[in-house]
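Below: one structure, written as structure tokens.
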2 protein chains.
Amino acid sequence: MSDTCDKADKRQKLLEVAESLFAKHGFEAVSVRQLAAEADVNLSMVSYYFGSKDGLFQEMIKSKFPQTRSVLEDLAQSDIHPWEKLTITIDMYVDKFFLGRAFHRVIMREMSLQQRPEHVNLIREHMARSQELIRGFIHEGQKKGLFRYVDVELTIATLFGTLSSAINQGALTCSMLKETNLEALYSDQNRERYKQHLKALLHAHLMTAGV
Amino acid sequence: MSDTCDKADKRQKLLEVAESLFAKHGFEAVSVRQLAAEADVNLSMVSYYFGSKDGLFQEMIKSKFPQTRSVLEDLAQSDIHPWEKLTITIDMYVDKFFLGRAFHRVIMREMSLQQRPEHVNLIREHMARSQELIRGFIHEGQKKGLFRYVDVELTIATLFGTLSSAINQGALTCSMLKETNLEALYSDQNRERYKQHLKALLHAHLMTAGV
DNA sequence: ATAAAAATCAAACAAACGTTTGATTTTTAT
DNA sequence: ATAAAAATCAAACGTTTGTTTGATTTTTAT
């Protein structure tokens, strides 16, 4: 007849709380006491489970890092039009960033701070491999004469930069889109708006005139 | 025959050190003792000059906030082609972000954290007014039939998002551009590359076929 | 049922934090 | 020259930090 915890999912609770609090306030600003209180566990359990506050953070990153690469790998081996591969990729990443914005705020801040090289490398390698696949889509389109010979790397940087800013500079994006509520920025409606914009943008940029 | 300080420019030194250290490690991670040591002043001078660590931060923001709006206002009243207004704007902002990347890292992180609403509002209002002027450039081009009727707000979000990511997710951008050294990412060469990419991207996106 | 193992907890730890104090030196003004 | 004001400093302040300890409860396995 316990309150909430069935068994050893206090560990899981800590990971969830960590994602939420780190996203909201940043790693340094969240104390172990806050984490323990929010997860309704004893202070010392953080060290007991994860070794340290830093260990908890790393575990959270690893456990939450989404498995999107398999989708991209399937796309890479598919026979569909390269442009369709890109539209599917765009749809996927808009959803991924918007719906998992708490997590993405955390990992983007880790990248920005560059304080913990292990985290930076972990995140970088993971994202770099995904971006390599996207690069393949564009190169394929270029070889087939379907895409223009644009700056592929910076085109991908623009895709991720647009999404990253929507998540990290929410207050600024909010005022630009004339949204009063900050969370309204991430509504289904705006998610569709971002998808449409990114497709229109990359379509104009990539597609050769003839097609 | 003093070492470095002529008089009361220890205050200025503190502001410079603050920008550098806050950009490198984040506000919370930098201690007053670090700041004082790096600026070669006594620990207590931070409170003496700025009231508190937070006061130093705010002063740094206010003193460093660049004056780019006047350039945009001049452009707005000029008679040149709307597309030229945009190319000038792009050149200006690429330089602004790349050369002043330490400062931009700090303010973008403040936006991302949303912990200190005063800072968020100060930064948001400043940037929003600049972006309003850019909106005007695009609207002008649209009214004159020179630009397509794209999603103006998200187009601007893409411009700033691309630059913001180059500054904040440097490690990721670095590995994508195959740059070994992180600071080499911000070379003159790559600055030109970003300018070219953004112009090509927005040109394809905005310009009507006929021109 | 019982003993070993794992999990949980309150309490205390040393270290680092931002800030304040009060004495001392330097500058300014008469 | 001298007294008031400003600037500087070492030292200590009270908190809060992440982590550890050692006792206690709960679980597991025999």
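The chains referred to below are lettered A, B, ... by the order of the sequence lines, with proteins before strands, and numbering in each begins at 1.
- D:dT24: Watson-Crick or G-U partner is C:dA7, with both key distances under 3.5 Å.
- Atom NZ of B:K10 and atom P of D:dA6 are 18 Å apart (whole Å).
- With a 4.5 Å cut-off on side-chain heavy atoms, A:F27 and A:K53 count as touching.
- The side chain of A:S47 approaches D:dT20 more closely than any other nucleotide in the set C:dT8, D:dG18, D:dT20.
- Map A:S44 and A:R33 each onto its nearest nucleotide of DNA chain C; the residue landing nearer the 5' end is A:S44.
- The distance between atom CD of A:E28 and atom P of C:dG18, rounded to the nearest whole Å, is 12 Å.
- Atom CG of A:N42 and atom P of D:dT21 are 15 Å apart (whole Å).
- Remark: P of C:dA15 and NZ of A:K53 are 19 Å apart, rounded to the nearest angstrom.
- Nucleotide C:dC9 holds its P atom 11 Å from the CG atom of A:L14, rounded to whole Å.
- The shortest distance between side-chain heavy atoms of A:L154 and B:L198 does not fall below 4.5 Å.
- Regarding B:L35, its CG atom lies at a distance of 11 Å from the P atom of C:dC17, rounded to whole Å.
- Between B:E192 and B:K195 a salt bridge is recorded (basic side-chain N to carboxylate O distance below 4.0 Å).
- If you check every strand for non-hydrogen atoms under 4.0 Å, B:S31 touches sugar and phosphate atoms only.
- Along DNA chain D, the nucleotide nearest to A:G51 and the one nearest to A:Q34 differ in position, and the one closer to the 5' end is contacted by A:Q34.
- In this structure, A:Y48 atom OH and D:dA23 atom P are separated by 17 Å, rounded to whole Å.
- Base pairing analysis places D:dT2 opposite C:dA29; the two distances defining the Watson-Crick or G-U wobble pair are each below 3.5 Å.
- Listed nucleotides: D:dA7, D:dT19, C:dA7. Nearest to the side chain of B:M45: D:dA7.
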### Query
Can you list the steps and then say if B:M111 with A:L172 is a side-chain contact (heavy atoms from CB on, under 4.5 Å)?
CA-CA 8 Å; B:M111 294 291 286; A:L172 188 59; 3.5 Å; yes
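- Note: A:F98 and A:Y186 have perpendicular aromatic rings, judged against thresholds of 30 and 60 degrees for the angle between ring planes.
- The separation between A:L43 atom CG and D:dA23 atom P is 19 Å, rounded to whole Å.
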